[in-house]
Amino acid sequence: MDSQTQNTSLQRLQNVEKRIVRVLELAGEVMDELSNPAGPRKELVNNHCLVFMRLIKDIQMSLREEIKSACDYRPFEKCDYSSRTANEICCKKLEYVVSQLDGMKQTIDEYHGAL
């Protein structure tokens, strides 16, 4: 991942962080309004809740996109699991082939010994 992509990714994550802070502020404002001795103002609570839900949805989408883009760039940096697994499978296949060849050689030797 080049530095420019990394910077823009960090900027997008900073924007997500700002939206999270705003969501918490909205939740606090709704709690203040609900605890109002005169009673909550329904329109204000509804508006705050709508903005809250929209921001939550935006945060989810942004984080999902960041996760996807991180996987596109470097799915498992410094991870050799898939190569080790593929290597072990190849070794097991080779062991199987060698055992089959040994069995064939033994059958041929027994055939020649019987003649």
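Worth knowing before you read on, the calculation uses all heavy atoms, side chains too, and leaves out hydrogens, waters and symmetry mates.
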Calculate, to the nearest 0.5 Å, the distance between atoms [atom1] and [atom2] belonging to [X] and [Y] respectively.
| X | Y | atom1 | atom2 | answer |
| --- | --- | --- | --- | --- |
| C90 | K93 | SG | NZ | 6.0 Å |
| N15 | I20 | CG | CD1 | 11.0 Å |
| E25 | E29 | CD | CD | 6.5 Å |
| I89 | L94 | CD1 | CG | 12.0 Å |
| H48 | L34 | NE2 | CG | 10.0 Å |
| I67 | S62 | CD1 | OG | 11.0 Å |

- S9 and its side-chain hydrogen bond (donor to acceptor under 3.5 Å, both in side chains) partner, picked from Q14, E66, E65: E66
- Between F52 and V23, what is the shortest heavy-atom contact and its length? CE1-CG1, 3.1 Å
- Note on the structure: Closest non-hydrogen atoms of S35 and D32, given as atom of the first, atom of the second and distance, are OG-O, 3.0 Å
- Whether over 12 other heavy atoms sit under 6.0 Å from E43 CD: no
- Query: Is the shortest side-chain N to carboxylate O distance from R22 to E17 below 4.0 Å?
  - Reply: no
Do [X] and [Y] belong to the same hydrophobic cluster, where Ile, Leu, Val, Met, Phe, Trp and Tyr are linked whenever their side-chain heavy atoms lie under 4.5 Å apart, directly or via other members?
| X | Y | answer |
| --- | --- | --- |
| L44 | L50 | no |
| V51 | I56 | yes |
| I59 | L13 | yes |
| M31 | L26 | no |

- Query: Checking side-chain contact (heavy atoms from CB on, under 4.5 Å) for the pair V16/D58: CA distance, chi angles, key distance, verdict?
  - Reply: CA-CA 8 Å; V16 168; D58 290 347; over 6 Å; no
- Message: Would the distance check show the side chain of E33 and the main-chain N or O of R41 forming a donor-acceptor pair, the cut-off being under 3.5 Å?
- Response: yes
- Excluding sequence neighbours, so at least two apart, what forms side-chain contact (heavy atoms from CB on, under 4.5 Å) with I108? H112
- Check against side-chain contact (heavy atoms from CB on, under 4.5 Å), M53 and K57: CA-CA 6 Å; M53 294 307 292; K57 185 176 180 179; over 6 Å; no
- Query: Do T8 and R12 come within less than 4.5 Å of each other through their side chains, counting heavy atoms only?
  - Reply: yes
